[in-house]
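These notes are about the structure you will find just below.
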Amino acid sequence: MKKKIVLYNPRAVFYTMPLALLALGSRFDPAQYDVRIVDARVERDAHARLLEEIEGALCLGVTVLTGAPIRDALAASRAAKTKRPDLPIVWGGWHPSLFAEQCLQEPSVDVAVIGQGEETFAEIVARLGSGDSLNGVQGIVHRNSRAPNSNRQSPDDLRAEAPRPLLDLNHLPASNYDLIDIEKFFTVKKTRQFDYISSQGCRFRCTFCADPYVYKRGWYGLEPARMGQELERWWKKFHFADVGFQDETFFTNPQRVAAIANEFLKRDLHFTWMATMRADQGFRLDDALLNLSKRAGLRRVMIGVESGSQQMLDWMKKDIKLNQVFDSAEKCKRAGVGIIFNVIVGFPHEPPESITESLRVAKELRAMSPDFQVAFFYYKPYPGNEIADMLVRDGYQFPKTLDAWADFDYVGSSGPWVTREKFTLVERFKFYQRLAWNRASPLRVPLQQLARWRCENDVYAFPFEKKLVELLRQPIQLS
Ligand code: B12
Ligand code: SF4
């Protein structure tokens, strides 16, 4: 009889396909294992289905991002453990990679996996299947017992195994998208957009980012021929219109990008795609490669500008120059490729001039093309990087429990060091820059003109248009 493995993706507000669970689940031989993915974002009653699926399962794996998704990860794990106290529950993903020990303070969690998970999880499952201890499985923290489902011990009695070196993605099997109901994702996304990950890790060292800590600046990219083959297969099966490459830095290796574009053209694949690019990579890219990518379907890139102040960029070790941002923007404009620029505001000790500079750069970029958008985020500390270490030295305290982490808002709010005045300024600017430069219907043109005037003159007081737009209940297009 096949052994059953259940994988759970907690509730969240966005609908990117559960790439981590697909990667983990595809590592198992379907002749021997029955893998079930329960994604709370697309299930009517995810917990009911989860409790049904864990019947007879060998183990449950849960993927956990920092912040709000922890709330549902906890609820699901607790419900599963109550129903099946003998069921080993394994947490993996970004939060357990950063806080493995803390995750194991939660009694329903038996094992926390750090970093890349395919081989680690496969080894855990094999050991569980044969009743062996997890001692020595690289890349995990677990309870120091013969097996996680043996007698429960004190939550402090933990055992951290040696780290697992990052494995070249090309040695891992392709993700099997038949493990999920893909049409449900197209429905909730309201577009036939397929998600795909073509590389893992990142070679850079930005001091606000979790990646250097989790992947130790390692990077592996899939071979273009393999990508062409896989995407052709799924495109023919699912008829998607667009691919979101969820890589940290898709444009890491220009020769690889050219080979990928050529694969798509050779195979005559008719979908558009979007991918991540650093400004220094865009700066070094030649127009020919960008034009080739455009011909192969590239419609938009995402570039982390992070700050409009070069001093701040140097401080956070972003290793880009502002002129590289504008140079990349010019190139993309020439090639007809759109851009989303990400800007982070509210770093600790960030001087007010730096925020002003970020707003100025955002305005200049937005004015360059209606296909350029700017998204603003507030800095929130991730442990294990230099900024977070500095904050801790200054007395900042990270949440100490999973429940407290679940309340940690990574998306909407700012850090406590951002004054009310700065927060209001940024929130108003976020609204007006969208109104000013997003494509607008003729009815909205007067509002748009007014918003441009406001942005150009930095006048954000009495934001009556915001009230008006809210009243009209017609949210502006954020396409
Ligand atoms: C898609 C995505 C999302 C999706 C999540 C989709 C989902 N599944 O729910 C959405 C859009 C919701 C999202 C939101 C955010 N995200 Co996000 N996101 C990503 C992104 C681009 C891809 C994730 C992915 O699928 N990767 C592909 C898979 C194969 O890799 P993986 O997730 O690392 O999984 C591997 C291991 O982690 C491990 N693993 C993962 N899960 C499990 C489970 C088990 C059981 C095991 C054993 C192993 C394991 O094995 C996997 C295979 O090797 C990553 C960057 C990246 N490239 O990874 C950022 C990233 C995860 N996001 C990040 C951030 C900062 C955010 C936001 C705060 C952004 C924002 N400012 O709004 C929000 C916060 C969400 C929240 N707290 O509510 C950070 C880290 C966050 C953190 N500490 O949790 C990342 C790393 C980007 C970055 N470099 O800063 N995100
Ligand atoms: S912010 Fe981007 S470039 Fe910098 S370390 Fe993180 S993933 Fe790499």
Side-chain angles (χ1 to χ4, degrees), residues 19 23 116 165-175 194-206 209 211-212 215-235 242-305 317-321 323-342:
L19 299 175
Q116 192 183 45
L166 188 64
L167 193 74
D168 183 343
L169 285 182
N170 293 291
H171 299 316
L172 293 168
S175 284
F194 190 72
D195 291 300
Y196 187 89
I197 186 102
S198 91
S199 65
Q200 206 166 22
C202 172
R203 294 213 185 285
F204 293 87
R205 57 170 188 161
C206 314
C209 179
D211 204 286
Y215 285 105
K216 311 282 179 262
R217 300 181 68 185
W219 180 89
Y220 281 112
L222 285 177
E223 293 295 339
R226 171 173 160 171
M227 286 174 62
Q229 208 175 20
E230 284 182 24
L231 285 165
E232 180 173 357
R233 173 179 173 214
W234 297 121
W235 178 62
D242 188 62
V243 177
F245 285 107
Q246 300 294 340
D247 306 39
E248 294 283 40
T249 48
F250 182 85
F251 277 82
T252 296
N253 176 342
Q255 287 81 21
R256 176 175 169 270
V257 176
I260 293 169
N262 280 322
E263 274 292 324
F264 293 175
L265 289 169
K266 185 181 85 187
R267 290 169 186 272
D268 203 19
L269 306 182
H270 294 259
F271 52 73
T272 53
W273 46 284
M274 47 174 284
T276 41
M277 176 194 271
R278 281 176 47 97
D280 54 332
Q281 294 166 347
F283 176 73
R284 283 193 295 271
L285 216 63
D286 58 28
D287 283 286
L289 175 49
L290 208 50
N291 290 333
L292 172 71
S293 303
K294 170 76 184 174
R295 269 191 286 126
L298 177 63
R299 73 175 168 93
R300 185 156 83 182
V301 295
M302 185 185 274
I303 297 181
V305 179
K317 300 191 175 153
K318 182 71 194 177
D319 295 336
I320 61 167
K321 300 281 178 220
N323 70 298
Q324 296 175 332
V325 172
F326 285 99
D327 187 86
S328 304
E330 284 293 351
K331 275 184 194 161
C332 287
K333 191 178 165 186
R334 279 200 297 275
V337 172
I339 309 182
I340 293 189
F341 296 98
N342 288 333

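Of all heavy-atom pairs spanning Ile320 and Val305, the tightest one is CD1-O, 4.1 Å. Scanning all heavy atoms of the two residues, the minimum distance from Ala261 to Ala296 falls at O-CB, 3.5 Å. Ala329 approaches Phe341 most closely through the heavy-atom pair CB-CZ, 3.9 Å. The shortest non-hydrogen separation linking Ser328 to Ala279 is OG-O, 3.1 Å. Considering all non-hydrogen atoms of both residues, Gly282 and Asp327 come closest at O-OD2, 4.5 Å. In plain terms, the two heavy atoms of Lys318 and Cys206 that are nearest each other are CD-SG, 3.7 Å.
Under the 4.5 Å side-chain criterion, counting only non-hydrogen atoms from C-beta, Arg300 is in contact with Ile340. At least one side-chain heavy atom of Met227 sits under 4.5 Å from a side-chain heavy atom of Ser198. By the 4.5 Å heavy-atom criterion applied to side chains, Val257 and Ser293 are counted as neighbours. Here the side chains of Leu285 and Phe251 are in contact, with some heavy-atom distance below 4.5 Å. With a 4.5 Å cut-off on side-chain heavy atoms, Met274 and Asp242 count as touching.
Atom CZ in Phe283 sits 11.0 Å away from atom NZ in Lys321 (nearest 0.5 Å). A distance of 11.5 Å separates CD of Gln200 from CH2 of Trp219, quoted to the nearest 0.5 Å. The CE atom of Met277 sits 5.5 Å away from atom CD1 of Ile303, with the distance rounded to the nearest 0.5 Å. Put simply, CZ on Phe204 and OG1 on Thr252 are 6.5 Å apart, with the number rounded to the nearest 0.5 Å. Distance check, rounded to the nearest 0.5 Å: CG of Asp287 to SG of Cys332 gives 9.5 Å. Separation of atoms OH (Tyr196) and OG (Ser175) is listed at 7.5 Å; rounding is to 0.5 Å.
Legend: residues meeting salt bridge (charged side-chain N to carboxylate O under 4.0 Å, His left out) with Asp211, ordered by chain and number and at least two apart, are absent. Looking at residues two or more places apart in sequence or on another chain, you find no ring-ring contact (aromatic ring centres under 6.0 Å, His included) involving Tyr220. Residues meeting the salt bridge (charged side-chain N to carboxylate O under 4.0 Å, His left out) test with Glu248, sequence neighbours left out: none. Take His171 and apply the side-chain hydrogen bond (donor to acceptor under 3.5 Å, both in side chains) test, not counting sequence neighbours, and it matches no residue. Partners of Glu230 according to the salt bridge (charged side-chain N to carboxylate O under 4.0 Å, His left out) rule, which considers only residues two or more places apart in sequence or in another chain, are Arg226. Under the ring-ring contact (aromatic ring centres under 6.0 Å, His included) criterion, Phe264 pairs with Phe271, Trp273, sequence neighbours left out. Partners of Asp195 according to the side chain to side chain contact (heavy atoms under 4.5 Å, CB included) rule, which considers only residues two or more places apart in sequence or in another chain, are Thr16, Met17, Leu19, Lys189, Gln193, Gln246. Among residues two or more places apart in sequence or in another chain, the side-chain hydrogen bond (donor to acceptor under 3.5 Å, both in side chains) test is passed with Trp235 by none. Checked against side-chain hydrogen bond (donor to acceptor under 3.5 Å, both in side chains), Asn342 has no partners two or more places apart in sequence or in another chain. When the side-chain hydrogen bond (donor to acceptor under 3.5 Å, both in side chains) test is applied to Asn323, no partner is found at least two apart in sequence or on another chain. For Arg295, the side chain to side chain contact (heavy atoms under 4.5 Å, CB included) criterion is met by Leu265, Leu292, not counting sequence neighbours.
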Would you sort out whether Gln116 and Leu169 count as a side chain to side chain contact (heavy atoms under 4.5 Å, CB included), showing the intermediate values?
CA-CA 10 Å; Gln116 192 183 45; Leu169 285 182; 4.0 Å; yes

Please test Thr272 against Val243 for side chain to side chain contact (heavy atoms under 4.5 Å, CB included), starting from the C-alpha separation and ending with a verdict.
CA-CA 6 Å; Thr272 53; Val243 177; over 6 Å; no

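Residues Thr249 and Arg203 bring no donor and acceptor atom of their side chains to less than 3.5 Å of each other. Under 3.5 Å, the side chains of Thr276 and Asp247 contain no donor-acceptor pair of N or O atoms.
Using a distance-only test at 3.5 Å, with no hydrogens or angles considered, no donor-acceptor pair links the side chain of Lys294 to the main chain of Val337.
A salt bridge (Lys or Arg N to Asp or Glu O under 4.0 Å) check over residues 272-283, counting only residues at least two apart or in different chains, returns the pairs Arg278-Asp280, Asp280-Arg284.
Between Glu263 and Lys266, at least one side-chain N (NZ, or NE/NH1/NH2) sits under 4.0 Å from a carboxylate O, which counts as a salt bridge.
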